[in-house]
Chemist: 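One structure, as structure tokens, below. Some questions next.
Heavy-atom basis, side chains included; hydrogens, waters and symmetry copies ignored. Chain naming here is simple, since letters A, B, ... match the order of the sequence lines and numbering starts at 1 in each.
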Amino acid sequence: SVMTRSCAGFALAPQGLLSRSVPHSFLSFASITGACRAIQKLTRVRVVDNSALGNTPYHRPPKCIHVYNKTGVGKVGDKILLAIKGEKKKALIVGHKMPGPTMTPRFDSNNVVLIEDNGNPVGTRIKTPIPYILRQREGEFSKVLAIARNFV
Amino acid sequence: ISSDGKPAKFQPPPKPVIIDKQKLREERRFLSPEFIPPRGRTDPFKFYIERKDMIQRRKVFNIPEFYVGHVLAVTTADPYANEKASRFVGICIQRGGKGLGATFVLRNVIEDQGVEIRYELYNPRIQAIEVLKLEKRLDDNLMYLRDALPEYSTFDVNMKPVSRLDHEEVPVNKLQVRMKPKPWSKRWERPKYNIKGIKFELPERKMKEAQKWSQPWLEFDMLREYDTSKIEDKIWKEVSEGLKK
């Protein structure tokens with residue numbers, strides 16, 4: 001029954017049978033894998049910028065298919081490959097559910113910002129708060145930081 | 001002229017009641033929970049040196065008295081923040097750790113995104129801790145706010161500090177929080193968590209089933225008792241003398 005819930009689930013949000021245009025309704029399902037709360041292959045993520053690709057509803061949630069890292073575990077500031085709407089797109093992790101070092105924020109959802117291969121963000125605005133740690137790599141992420149509104 | 005016809009007797013005004021606030025403050029002692037050493041076989045000297053360092057830090061930087069459920073605003077020094085200082089407002093959901101590694105977790109919901117930050121009380125990066133709202137809750141651990149409706153964790157970032165009434169008692173907020181539909185991150189209805197601050201809207205059958213995991217013998221277990229009253233008195237005297245110097 002867990003499998004049927006996840007397959008049929010995107011249109012069938014648990015809050016009711018209304019089809020939701022907000023793509024993060026899938027996050028309120030039972031967590032199928034609870035072990036590593038950072039981002040690795042097959043984690044469902046939430047796209048937080050206002051790009052069309054991230055915000056149009058689709059029957060499958062965006063999933064990570066590769067982490068550009070020595071270990072396969074993605075933390076804040078790592079680039080990953082997402083599978084969204086049947087296409088592959090690179091993205092930058094801006095927050096995850098896993099508790100990190102003290103004095104750093106921990107978010108309630110795995111947040112991701114869509115990015116091109118050269119590092120340019122696809123969307124034009126990021127409303128959700130972004131951790132200040134990303135400012136350390138100002139060179140690589142300057143354009144993403146420029147469109148971010150709130151910092152935590 | 002009084003009711004019996006005789007002239008009214010002179011009633012002197014009632015004596016003013018002088019409340020000595022200094023005495024009240026001393027009577028109400030609050031020892032921060034990280035001063036109390038955990039039960040174990042470590043040399044008490046280690047805790048003594050740690051307490052000396054903690055008192056040293058408290059002399060330089062004021063750590064206010066706060067409990068789980070208070071709304072705090074913490075300003076930290078951050079090299080990557082503009083103006084080099086970042087301010088975070090949130091409700092304290094947990095206080096953990098002992099000694100210099102004592103931490104507390106603040107939670108807030110900003111732009112529909114729940115954010116939690118674990119701060120270390122004695123970290124030199126912290127520049128200010130202000131208590132914005134004083135209220136204790138029914139539980140010691142408010143981790144269930146993650147599964148509660150987001151309105152219970154949202155606090156305005158530009159909230160003004162609510163004025164402190166008395167130096168008497170911290171008010172207890174008997175709020176019963178409404179939860180999001182199950183599944184939750186933990187099964188909060190189970191007696192192991194002993195949560196009184198949730199309004200469980202689960203059917204009776206589920207509540208009865210949760211009681212299957214109750215361990216009623218735990219409260220009578222004598223080996224688990226850790227009586228801290230005498231230790232607390234000693235440490236309170238040490239801390240207050242250290243702070244006065």
Chemist: Report which part of B:Asn108 has an atom under 4.5 Å of a heavy atom belonging to chain A: side chain, backbone, both, or neither.
Modeler: neither
Chemist: Counting only heavy atoms closer than 4.5 Å, note whether A:Phe151 contacts chain B via side chain, backbone, both or neither.
Modeler: neither
Chemist: With heavy-atom distances below 4.5 Å as the criterion, would you say the side chains of A:Met103 and B:Arg125 are in contact?
Modeler: yes
Chemist: More than 12 heavy atoms of other residues, nucleotides or ligands under 6.0 Å from CZ of B:Phe61: yes or no?
Modeler: yes
Chemist: Please indicate whether A:Lys97 has more than 12 foreign heavy atoms, meaning atoms of other residues, nucleotides or ligands, lying under 6.0 Å from its NZ.
Modeler: no
Chemist: For A:Pro105 and B:Ile117, work out which heavy atoms get closest and say how close.
Modeler: CA-CG1, 3.8 Å
Chemist: Might you point out which heavy atoms bring A:Tyr132 and B:Ser86 nearest each other, and give the distance in Å?
Modeler: CE1-CB, 3.3 Å
Chemist: Give a yes or no on this: more than 12 heavy atoms of other residues, nucleotides or ligands lie within 6.0 Å of atom NZ of B:Lys192.
Modeler: no
Chemist: Can you tell me which of A:Thr104, A:Ile133, A:Leu134, A:Val48 forms the most heavy-atom pairs within a distance under 4.5 Å of chain B?
Modeler: A:Thr104
Chemist: Give a yes or no on this: more than 12 heavy atoms of other residues, nucleotides or ligands lie within 6.0 Å of atom CG of B:Asp53.
Modeler: yes
Chemist: Mind checking the CG-OG spacing from A:Asp108 to B:Ser153? Nearest 0.5 Å is all I need.
Modeler: 8.0 Å
Chemist: Sort out for me which of A:Glu138, A:Arg106, A:Arg135 touches chain B most, counting heavy-atom pairs under 4.5 Å.
Modeler: A:Arg106
Chemist: CD/B:Glu111 to NZ/A:Lys127 distance, rounded to the nearest 0.5 angstrom?
Modeler: 5.0 Å
Chemist: Is it the backbone or the side chain of B:Arg107 that comes under 4.5 Å from a heavy atom of chain A, or both, or neither?
Modeler: side chain
Chemist: Mark yes when over 12 heavy atoms from residues, nucleotides or ligands other than B:Lys98 sit less than 6.0 Å from its NZ; otherwise mark no.
Modeler: yes
Chemist: Output the distance between atom CD (B:Gln113) and atom OG1 (A:Thr128), rounded to the nearest 0.5 Å.
Modeler: 6.0 Å
Chemist: Look at atom CZ of B:Arg39 and say whether more than 12 heavy atoms of other residues, nucleotides or ligands are closer to it than 6.0 Å.
Modeler: yes
Chemist: Can you confirm whether B:Gln176 is buried at CD, in the sense that more than 12 heavy atoms of other residues, nucleotides or ligands lie under 6.0 Å from that atom?
Modeler: yes
Chemist: More than 12 heavy atoms of other residues, nucleotides or ligands under 6.0 Å from CG of B:Asp112: yes or no?
Modeler: no
Chemist: As an exercise, state the distance from OG1 of A:Thr102 to CG of B:Asn123, rounded to the nearest 0.5 Å.
Modeler: 6.5 Å
